[in-house]
Amino acid sequence: MARANGTRQVVLGFLTWKPMSGYDIKSFVEQSVSNFWSESYGQIYPTLKALVDEGLVTKKATVPRGERRRQVYSITPEGRATFGEWLKDPVDPAPQRNGLLLKLFFARQVGEKTALDHVQSFKERLARLSEHYEAIDKRLAREHGGKSDLAYWRLTLEYGRLEARAHLVWCDKAIAVLRKLERNSSKKRRPRRKR
């Protein structure tokens, strides 16, 4: 099977739930997997067209009462089989691209204060993200407590929580190192007093 891009799999995956429009799929992405996966309308709509052309999805025009015409897509048995095969394929770890780490790698060029500001800003975002994860967990329990998918959804949430905690630990260590470097640099810059 040819290596499929992630957008195809996201679209097929959400269509296993029920028929949806491109707008519906984008909304579900934002409500569910956006903490670890993003998709734009510019990715979703061309993918839907390609999936229809391949016979993995069908398209039907609908006009709900009081709304404008929209296209609703449904997964075909072939699409469901393709998605199932992808779920069974081994996961290729994606190469990590981290702007913070790249800037830290070259931070000697600008000094400790700038590096420290970047790490502290990252730490603040992580604290907000941790609060966000807690809110998601409460919402999942409240709105989806009886769903069989809940255990799987919570596994992805727990991954995010633990990753955020690990990053927070790293931030504390990085801040300590950068503060020490900052102190050492300021000692070197101070002129010595003559006796």
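Remark: Asp24 does not engage Lys18 in a salt bridge, criterion side-chain N to carboxylate O under 4.0 Å. Looking at Glu134 and Arg161, a side-chain N of the basic residue comes within less than 4.0 Å of a carboxylate O on the acidic one, giving a salt bridge. A salt bridge links Glu30 with Lys26: the distance from a Lys NZ or Arg NE/NH1/NH2 to an Asp or Glu carboxylate oxygen falls below 4.0 Å.
Applying the ring-ring contact (aromatic ring centres under 6.0 Å, His included) test to His118 and every residue at least two apart in sequence or in another chain returns nothing. In this view, His144 and Trp153 satisfy the ring-ring contact (aromatic ring centres under 6.0 Å, His included) rule, not counting sequence neighbours.
With hydrogens and angles disregarded, a donor-acceptor distance shorter than 3.5 Å links the side chain of Gln43 to the backbone of Ser40. Between the side chain of Ser121 and the backbone N or O of Asp117 there is no donor-acceptor pair closer than 3.5 Å.
Using a 4.5 Å heavy-atom threshold, the side chains of Phe83 and Leu56 count as separate. Taking 4.5 Å as the limit, some side-chain heavy atom of Ile25 sits within range of a side-chain heavy atom of Leu15. Side-chain contact between Leu129 and Asn35: present, with at least one pair of heavy atoms (C-beta onward) separated by less than 4.5 Å.
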task: Show your reasoning for whether side-chain contact (heavy atoms from CB on, under 4.5 Å) applies to Leu48 and Gln71.
output: CA-CA 10 Å; Leu48 282 165; Gln71 304 294 327; over 6 Å; no
| query | Taking it one step at a time, do Lys113 and Leu116 satisfy side-chain contact (heavy atoms from CB on, under 4.5 Å)? | reply | CA-CA 5 Å; Lys113 174 154 183 8; Leu116 193 55; 5.6 Å; no
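Note on residues 100-110: no pairs pass salt bridge (charged side-chain N to carboxylate O under 4.0 Å, His left out), not counting sequence neighbours.
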